[in-house]
Structure formats: structure tokens, C-alpha cells
**Student:** 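Take a look at the following structure, please.
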Amino acid sequence: MSFSVFNSMTRSVEPFVPLEPGVVRMYNCGPTVYNRPHVGNYRAFLFADTLRRWLEYLGLRVEQVMNITDVGHLTDDADEGEDKLEKQARREKLDPWQISRKVTEQFFADLAALGVRQAKAYPKASEHIPEMLEIIEGLLAKGHAYAVGGNVYFDVKSFPRYGRLSGNRVEELEAGARIAVREDKRNPEDFALWKSDPAHLMKWATRFGPDGFPGWHIECSAMSRKHLGERLDIHTGGEDNIFPHHECEIAQSESFSGKPFATYWMHSKFLQVDGGKMSKSLGNTYTLDDVAAKGFNARQLRFALIRGHYRAPLNFTWESMKDAASSLENLDDLVVRLRRVAKGQEGAGQPQAGLELVQAARKTFEDGMNDDLNVSRALPGLMALRAAALEGRLGSAAALDALEFVRRANEVLGVIQVDEELLPAAIEALIAARQAARKAKDFKESDRIRDELLAKGIVLEDTPKGVVWRRKA
RNA sequence: GGCGGCAUAGCCAAGUGGUAAGGCGACGGAUUGCAAAUCCGUUAUCCCCGGUUCAAGUCCGGGUGCCGCCUCCA
């Protein structure tokens with residue numbers, strides 16, 4: 001079975017075939033850095049990371065680029081529309097550049113904590129103004145855009161395919177318009193490539209005027225072109241990006257280059273919280289710190305966010321967070337068990353026993369991931385392996401094979417504790433002291449030591465073959 | 001009003017028309033110095049109403065509910 005993905009453009013699952021064999025050029029819509037990202041944002045970024053990791057598992061080289069939008073978007077389309085970065089800057093009494101720098105650093109720190117692999121580049125909108133202007137000039141020259149005063153608009157009527165991605169029809173958009181139409185646009189659905197406003201703080205002087213700044217969509221067209229070329233294999237984003245953002249990107253990029261922009265459009269579903277929407281007013285836009293305050297680490301959050309299918313709504317609750325943590329603990333335990341079987345400390349007598357179970361587990365995992373990154377379908381492969389290990393159906397050679405597989409699977413999941421941890425000598429001594437106390441039937445002392453270890457996060461299990469320890473999640 | 005997605009056990013969540021994966025939790029039993037872990041067992045008329053079919057969670061029609069977009073929120 002080969003890798004298939006759901007393409008938002010065709011609304012169907014298609015086999016994934018890169019333009020150039022062996023290489024995938026992928027552009028991920030990144031954050032607007034005016035506010036620290038929250039669990040909802042992480043879901044979208046973890047989806048992109050999982051996709052990249054799966055492509056790498058399949059042996060493809062992934063050229064991944066994620067943009068950092070550090071030029072403020074207007075909060076609305078009216079003339080006095082305020083931009084998010086500038087609004088936040090005023091709130092914090094900083095200038096917008098300081099805000100974007102601060103939030104960008106925070107964003108990278110969060111990604112690192114979540115175990116997200118680094119993209120090839122994280123281009124910033126503010127550093128690609130010339131590239132944007134090049135496209136704008138090109139669109140003007142080709143008659144796809146027009147300048148009015150200090151503003152430049154894309155002429156949507158010049159691009160008949162506009163609306164294909166979102167399924168929106170221009171006529172219907174007009175009917176539903178709720179924003180006062182700017183009088184300088186030829187048509188209400190035209191969107192800005194470049195705007196001018198003397199009151200704007202982040203601005204650049206061009207032939208259109210001294211106080212200009214880019215429209216929202218142009219940055220992605222410019223930066224993807226610069227870092228990945230005119231044609232992309234995959235373009236991702238949250239489902240909210242489909243319209244207008246991606247629709248406009250397609251119009252600009254394809255009108256400019258005359259080539260198809262991205263082959264596959266992939267969008268992740270919004271995260272729900274407590275069965276409803278996540279919003280600042282409800283106070284449920286949790287950050288990594290909020291999650292930590294509830295006693296969960298980033299690894300557990302990563303697992304909670306990737307274990308559902310990226311295209312299905314995922315309901316985030318503290319209970320589901322706890323479930324995920326417990327489930328993950330068992331995956332960690334799987335590795336520990338396999339290691340013991342591989343060392344011959346337990347398991348089936350025949351080293352080769354259960355090799356076919358490992359093969360089946362691998363197939364379950366790969367079939368699931370190949371099916372449009374269906375992590376929920378893939379995970380039972382690992383769980384089945386744990387059951388096999390517990391039931392003593394694996395021999396040492398099979399366990400070794402299984403360990404290898406789990407290690408590889410975790411290159412994709414990025415959540416399992418696969419490396420063997422050695423305990424500090426002081427802890428080892430405590431375990432030995434407890435064993436001595438138990439032998440002497442001094443259970444009061446042995447239980448005291450067990451509690452002491454538990455407080456240090458070490459759980460002891462007395463198996464028929466002796467005591468084993470594991471780290472409490 | 002227009003476009004799109006979703007609805008499966010207490011909770012999370014798979015499911016390719018052929019008789020409901022997996023996880024978390026709960027309950028009963030075994031095991032244990034007590035626990036933990038583990039083992040055995042129990043835990044779903046698949047949102048509602050019609051229809052197609054030998055057969056529907058899966059297809060079709062109609063409801064209901066939730067989510068997203070409709071000019072700058074992943």
C-alpha cells in the first residue's frame with residue numbers, strides 16, 4: 001500500500017506522488033507572531049510535523065518551509081483597521097518588532113519542547129518585502145492587478161478558477177458580504193496585495209507610496225516561491241486558511257507563474273475544547289505553560305494532539321489529556337518489556353518466536369499511516385505488540401526486531417521514551433535496601449522506601465523474577 | 001443566506017456493504033505481605049426518521065445537534 005492523502009482541492013483521497021521522485025517540497029502556513037501559540041495552533045503544527053516525519057519514514061527527502069508572519073494583519077478591512085501586531089504592541093507598551101521577536105522566540109521554544117523537527121527554513125514576512133513586490137509588479141504587468149492610490153488589488157475576475165479550493169462562488173460571497181466595500185476596489189471580492197496607511201508602524205516606501213505594507217496573502221506566495229520554487233508538492237494549514245488565504249495564494253501564484261501552485265492541499269481540523277469552540281473569551285486557549293500547570297508535559301500533549309486523525313474534530317479536555325498520558329505510559333512500558341525479552345530475561349523460549357507478530361504490527365502501523373496519516377489506525381499495531389510481549393509470545397530475536405520497529409515508528413510519532421534510562425546509584429541503593437527489608441519481613445520499612453521512591457517518580461513492581469522499576473509519567 | 005466537515009460504549013477513537021479495532025476508565029475474580037504490574041471475565045439495538053439491498057455504522061433522502069469558513073484566527 002502506498003501513501004494516500006486527502007487533497008482539499010479535489011475533496012478526495014489520492015495517491016501521493018511528488019513532482020520530483022524522492023523529494024517533497026512542502027510549505028506549512030505558520031503562525032502570526034502577535035500572541036503565544038496555544039494547543040489549537042500546536043495541533044496544526046504537529047500535523048505538519050507528523051506528515052513530514054511520515055514522508056521521511058517512507059524514504060523521501062522533505063524540503064519543509066514554514067512561514068513566520070511578523071507583519072501585522074489588519075483586524076478588519078475598514079480604513080481604520082488596526083493590525084494585530086500593533087494592537088498587541090500598544091497593549092504591552094512595546095513596539096511591534098519587539099512583540100514579533102519575543103513571540104517568535106517563544107514559538108520556537110514551544111516547538112522544540114513538543115519535539116517538532118526543524119524545518120529547512122522559517123522565513124519571515126518582514127524580510128521578504130522585495131520578493132513580494134516582484135510578484136506584485138509581475139501581476140500588475142500581466143493585468144491581474146491594479147493600483148489605486150497607494151493600494152494594489154488583485155483582480156479576482158482575471159482568475160476564473162478563484163473559488164475552486166473553497167467551493168465558494170464569487171456571487172454568493174457578494175451576497176454574504178458584511179464588510180463595507182472599499183470604494184476604490186473594482187469588485188468587492190478583490191483582495192489587497194499592497195496597502196498604504198501613514199498611521200501604520202510597520203511600513204515600507206515603494207513606488208506606490210512612502211507608507212506601504214503587504215497584504216496578507218502575498219507573503220506566502222513570495223516566500224514559498226523563494227525557498228521552494230514555483231511549484232509545491234504539499235501546502236498545509238488549518239482549515240480556516242482555506243478561504244480566503246489559500247484561495248488568494250493560488251490566484252496570485254498561478255497568475256504570476258502560469259504554473260499550478262501546489263499539487264496537494266492539506267488542512268487540519270480545528271481543535272475543540274470541552275466539546276465546543278476554543279476562544280480567548282472562554283479562557284480555554286491553553287498554552288504549554290497551562291498544560292504544565294495541570295501536571296502534563298509537552299511529550300504527553302504531543303501524544304494527545306496527534307493520536308486522533310488530523311481531519312476529524314478532536315475534543316481536548318483535561319480528562320482526555322489524562323487518558324493520553326496513561327496510554328503513553330503503556331507505550332513507554334512496551335519498550336521496557338521488549339528490552340527485557342530481547343535480553344532473554346523473559347519471553348518465549350524460541351528466539352524466533354513471534355516474528356510474524358512483529359511483521360503484522362509493522363503492517364498495521366504502516367497501513368494506518370499510509371491511509372492519510374491515520375494515526376488512530378496505526379497505533380493498535382504498537383498496542384498489539386505490547387500484548388504479545390506481555391503474553392510471552394515473543395522470543396529474544398523477535399523482541400529485538402520489535403524494538404527496532406518501535407524505534408522507527410517513534411521516529412514518526414516522536415513521543416515514546418525509547419532510550420534506556422539508567423538509575424543513579426543512590427536510587428539503586430534504595431531499591432536494594434528495600435529488597436533487604438522485604439527479605440527480613442520488615443514491611444513497614446520496605447513500604448516506607450517504596451513511598452520514598454514513588455515521591456521521586458520511581459514505581460516499583462515486584463515480579464516473580466525480581467523487582468523492576470519504571471518511571472511514573 | 002452560501003460553502004464544507006463531523007455525530008460509534010462512561011470518556012478518547014478506528015472502521016474499505018457482510019455482521020462493531022484500539023486506548024483510557026469502571027466493575028468482578030486470580031495473583032501479591034500490602035500495593036503496583038500482570039492474567040481471566042464483564043462493560044455498544046453505531047444521533048433520529050424513512051429508503052435501497054439477501055445484508056447498512058458504512059449507500060440514498062429528510063431531520064436534529066456540534067464545528068469551521070464566507071476578507072486577514074491553526
Side-chain angles (χ1 to χ4, degrees), chain A residues 8 11 28-32 34-35 37-48 69 72-77 81 83-84 163 166-169 171-179 181-182 188-192 215-217 236-245 247-248 267-272 275-280 285 304 307-309 311-317 319-331 333 337 364 368 371 374-384 387 390-391 438 441 443 446-447 450-451 454 459-464 468 470 472:
Chain A
S8 303
R11 292 184 188 79
N28 308 126
C29 265
T32 301
Y34 68 101
N35 218 332
H38 49 69
V39 285
N41 299 104
Y42 299 147
R43 181 183 198 195
F45 302 140
L46 285 171
F47 151 63
T69 296
H73 297 156
L74 294 182
T75 50
D76 67 59
D77 205 30
D83 111 15
K84 277 185 269 184
S166 61
N168 284 329
R169 288 185 299 273
E171 316 81 67
E172 295 295 345
L173 289 178
E174 280 182 80
R178 58 184 166 84
I179 302 291
V181 175
R182 293 182 56 117
E189 61 276 14
D190 291 350
F191 56 90
W216 175 33
H217 319 296
T236 74
E239 60 173 332
D240 57 316
N241 283 147
I242 294 172
F243 192 91
H245 188 49
E247 197 77 77
C248 295
H267 297 96
S268 58
K269 212 76 188 167
F270 262 40
L271 184 72
Q272 289 180 233
K277 69 173 74 180
M278 186 169 65
S279 77
K280 291 205 174 69
T285 54
R307 68 183 178 142
H309 189 219
R311 256 182 326 107
L314 180 65
N315 188 17
F316 182 91
T317 63
E319 195 194 339
S320 73
M321 193 60 234
K322 204 174 139 223
D323 285 358
S326 301
S327 186
L328 180 56
E329 208 174 333
N330 281 339
L331 288 177
D333 182 60
R337 306 249 174 199
T364 300
D371 177 21
N374 196 332
V375 177
S376 298
R377 230 189 98 183
L379 283 173
L382 296 179
M383 297 301 177
L390 287 171
E391 288 160 16
R438 283 189 75 212
K441 300 231 184 292
F443 295 120
S446 72
D447 287 353
R450 185 169 67 193
D451 289 343
L454 186 63
V459 180
L460 294 186
E461 295 172 16
D462 298 318
T463 74
V468 297
R470 67 187 166 83
K472 191 166 166 280

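In what follows, every chain begins at residue 1, and chains take the letters A, B, ... in the order their sequences are listed.
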**Student:** Determine: side-chain N/O of A:Asn315 to OP1/OP2 of B:A13, distance under 4.0 Å, yes or no.
**Tutor:**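 Indeed not, no polar side-chain atom of A:Asn315 lies that close.
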
**Student:** Which listed nucleotide (B:G33, B:G22, B:C12) is nearest to the side chain of A:Met383?
**Tutor:**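 Of B:G33, B:G22, B:C12, B:G22 is nearest to the side chain of A:Met383.
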
**Student:** Measure across A:Arg311 and A:His267 and return the closest heavy-atom pair with its distance rounded to 0.1 Å.
**Tutor:**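 In this case the closest contact between A:Arg311 and A:His267 is CG-O, 3.8 Å.
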
**Student:** Can you tell me, in whole Å, how much space there is between the C1' of B:C54 and that of B:A13?
**Tutor:**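 One C1' to the other, the span is 32 Å.
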
**Student:** Which nucleotide in the set B:A35, B:U71, B:A74 lies at the smallest distance from any side-chain heavy atom of A:Arg450?
**Tutor:**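 It is B:A35.
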
**Student:** So, OP1 or OP2 of B:G68: does either fall under 4.0 Å of a side-chain N or O from A:Lys277?
**Tutor:**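 Yes.
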
**Student:** Of the options B:A74, B:A21, B:U71, whose atoms approach the side-chain atoms of A:Met278 most closely?
**Tutor:**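 In terms of side-chain proximity for A:Met278, the closest of B:A74, B:A21, B:U71 is B:A74.
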
**Student:** Taking atom P in both B:U16 and B:U53, compute the distance separating them and give it to the nearest angstrom.
**Tutor:** 23 Å

**Student:** Between B:C49 and B:G57, how many Å separate the two P atoms, rounded to a whole number?
**Tutor:** 13 Å

**Student:** Could you check whether A:Thr317 gets within reach of a base, just the sugar-phosphate, or nothing at all, counting any heavy atom under 4.0 Å?
**Tutor:**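 Here A:Thr317 touches no strand at all.
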
**Student:** With rounding to the nearest 0.5 angstrom, report the CZ to CG distance, A:Phe316 to A:Leu271.
**Tutor:** 7.0 Å

**Student:** Within the structure shown, what part of the strands sits under 4.0 Å from A:Gly163 by heavy-atom distance: base, sugar-phosphate, or nothing?
**Tutor:** nothing

**Student:** With heavy atoms under 4.0 Å as the rule, sort A:Leu379 into base, sugar-phosphate or nothing.
**Tutor:** nothing

**Student:** Mind calculating the distance between CZ (A:Arg307) and P (B:G22) to the nearest angstrom?
**Tutor:**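 Taking CZ of A:Arg307 and P of B:G22, I get 15 Å after rounding.
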
**Student:** Look at the rings of A:His217 and A:His245 and say which category their plane angle falls in: under 30° parallel, 30 to 60° tilted, over 60° perpendicular.
**Tutor:** tilted

**Student:** Are the ring of A:Phe270 and the six-membered base ring of B:A74 within the stacking cut-offs of under 5.5 Å and under 30°?
**Tutor:** yes

**Student:** Quick one: which of B:G15, B:A74, B:G22 gets closest to the side chain of A:Asn374?
**Tutor:**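 Looking only at side-chain atoms, A:Asn374 lies closest to B:G15.
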
**Student:** Given the C1' atoms of B:A55 and B:C59, what is the spacing between them in whole Å?
**Tutor:** 12 Å

**Student:** Checking only heavy atoms, does the side chain of A:Asp462 share a donor-acceptor pair with the base of B:A35 at less than 3.5 Å?
**Tutor:** yes

**Student:** Under a 3.5 Å cut-off for both distances, is B:U19 Watson-Crick or wobble paired, and to whom?
**Tutor:** none

**Student:** Round to a whole Å and report the spacing from CG of A:Asp333 to P of B:A37.
**Tutor:**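 It works out to 10 Å between those atoms.
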
**Student:** Considering non-hydrogen atoms only, spot the tightest contact between A:Thr364 and A:Pro380 and give its length.
**Tutor:** CG2-C, 4.4 Å

**Student:** Which distance, rounded to the nearest 0.5 Å, do you find between the CG of A:Asp323 and the CZ of A:Arg307?
**Tutor:** 6.0 Å

**Student:** Test your reading of the model: is there a side-chain donor-acceptor pair from A:Asn41 to the backbone of A:His38, 3.5 Å cut-off?
**Tutor:**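 A pair under 3.5 Å: yes.
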
**Student:** Looking only at heavy atoms, what is the nearest atom pair of A:Ala304 and A:Met321, with distance?
**Tutor:**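 A:Ala304 and A:Met321 have their closest heavy atoms at CB-SD, 3.9 Å.
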
**Student:** Between A:Ser327 (side chain) and A:Ala324 (backbone), is there a donor-acceptor pair under 3.5 Å?
**Tutor:**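 Not at all, since once roles are kept as given, no pair shorter than 3.5 Å links the two residues.
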
**Student:** Taking pairing as Watson-Crick or G-U wobble with both contacts under 3.5 Å, can you name the mate of B:C34, or confirm there isn't one?
**Tutor:** none

**Student:** Return the value, rounded to whole Å, for the distance between atom CG of A:Leu382 and atom C1' of B:G23.
**Tutor:** 12 Å

**Student:** Counting any heavy atom closer than 4.0 Å, what does A:Leu454 reach on the DNA or RNA strands: base, sugar-phosphate only, or nothing?
**Tutor:**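 Nothing, no nucleic acid heavy atom in range.
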
**Student:** Mind checking if A:Ser327 touches a base, just sugar-phosphate, or nothing, with heavy atoms under 4.0 Å?
**Tutor:** sugar-phosphate

**Student:** What's the closest nucleotide to the A:Asn41 side chain, out of B:A14, B:C11, B:A74?
**Tutor:** B:A74

**Student:** When you measure from the side-chain N and O atoms of A:Asn168 to the phosphate of B:G2, is any distance below 4.0 Å, counting only OP1 and OP2?
**Tutor:** no

**Student:** Nearest to the side chain of A:Pro313, heavy atoms from C-beta on, is which of B:C6, B:A36, B:G33?
**Tutor:** B:C6

**Student:** Starting at the 5' end of RNA chain B, which residue's closest nucleotide do you reach first, A:Ser320 or A:Leu390?
**Tutor:** A:Ser320

**Student:** Would you indicate which nucleotide in B:G4, B:A74, B:A37 comes nearest to any side-chain atom of A:Lys269?
**Tutor:**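 That would be B:G4.
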
**Student:** Checking A:Arg43 side chain against A:Gly238 main chain: does a donor-acceptor pair fall under 3.5 Å?
**Tutor:** no

**Student:** On a whole-Å scale, what distance lies between the P atoms belonging to B:U19 and B:G62?
**Tutor:** 30 Å

**Student:** Could you work out which one of B:A21, B:A36, B:G4 sits closest to the side chain of A:Arg470?
**Tutor:**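 Of all the options, the side chain of A:Arg470 is nearest to B:A36.
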
**Student:** Which base, if any, makes a Watson-Crick or G-U wobble pair with B:G41, both distances under 3.5 Å?
**Tutor:** B:C27

**Student:** Please measure how far the C1' atom in B:C40 lies from the corresponding atom in B:C46, and state the result in whole Å.
**Tutor:**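 The answer is 28 Å between these two C1' atoms.
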
**Student:** At less than 3.5 Å, do the side-chain atoms of A:Arg377 and the base atoms of B:G15 form a donor-acceptor pair?
**Tutor:**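 Answer no: no donor N or O sits under 3.5 Å from an acceptor.
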
**Student:** Send over the distance from A:Arg43 CZ to B:G5 C1', rounded to a whole Å.
**Tutor:** 12 Å

**Student:** Report the distance from atom CG of A:Asn241 to atom C1' of B:C3, rounded to the nearest whole Å.
**Tutor:**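 Nearest whole value for this atom pair: 16 Å.
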
**Student:** How close or far is atom C1' of B:G68 from atom CZ of A:Arg11, stated in whole angstroms?
**Tutor:** 14 Å

**Student:** Report which part of the nucleic acid A:Gly40 touches: base, sugar-phosphate, or nothing (heavy-atom distance under 4.0 Å, all strands).
**Tutor:** base

**Student:** Answer yes or no: side-chain N or O of A:Asp323 and base N or O of B:G25 forming a donor-acceptor pair under 3.5 Å.
**Tutor:**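 No such pair is found, so the answer is no.
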
**Student:** Determine the Euclidean distance between corresponding P atoms of B:C72 and B:G1; express it in Å to zero decimal places.
**Tutor:**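 My reading of the P atoms in B:G1 and B:C72 gives 22 Å.
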
**Student:** Starting at the 5' end of RNA chain B, which residue's closest nucleotide do you reach first, A:Gly167 or A:Ser446?
**Tutor:** A:Gly167

**Student:** Only pairs with both distances under 3.5 Å count, Watson-Crick or wobble alike; so what is the partner of B:U64 in this structure?
**Tutor:** B:A7

**Student:** What nucleotide, of B:C67, B:C34, B:A13, holds the atom closest to the side chain of A:Glu239?
**Tutor:**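 The nucleotide sitting nearest to the side chain is B:C67.
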
**Student:** Taking any heavy-atom pair under 4.0 Å as a contact, classify A:His267: base, sugar-phosphate, or nothing.
**Tutor:** nothing

**Student:** Whole-Å distance between B:C72 C1' and A:Tyr34 OH?
**Tutor:** 10 Å

**Student:** Measure from NE2 on A:His309 to C1' on B:G22 and round the result to the nearest Å.
**Tutor:**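 Distance check: A:His309 NE2 to B:G22 C1' gives 16 Å.
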
**Student:** Taking atom C1' in both B:U43 and B:G4, what distance in whole Å separates the two?
**Tutor:** 37 Å

**Student:** Counting heavy atoms from C-beta on, name the nucleotide in B:A74, B:U38, B:A14 closest to the side chain of A:Ala312.
**Tutor:** B:A14

**Student:** Would you say the side-chain atoms of A:Asn28 pair up with the backbone N or O of A:Thr236, donor to acceptor, closer than 3.5 Å?
**Tutor:**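 No; zero donor-acceptor contacts below 3.5 Å.
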
**Student:** Name the nucleic acid region contacted by A:Met321, choosing base, sugar-phosphate or nothing; use a 4.0 angstrom heavy-atom cut-off, strictly under.
**Tutor:** nothing

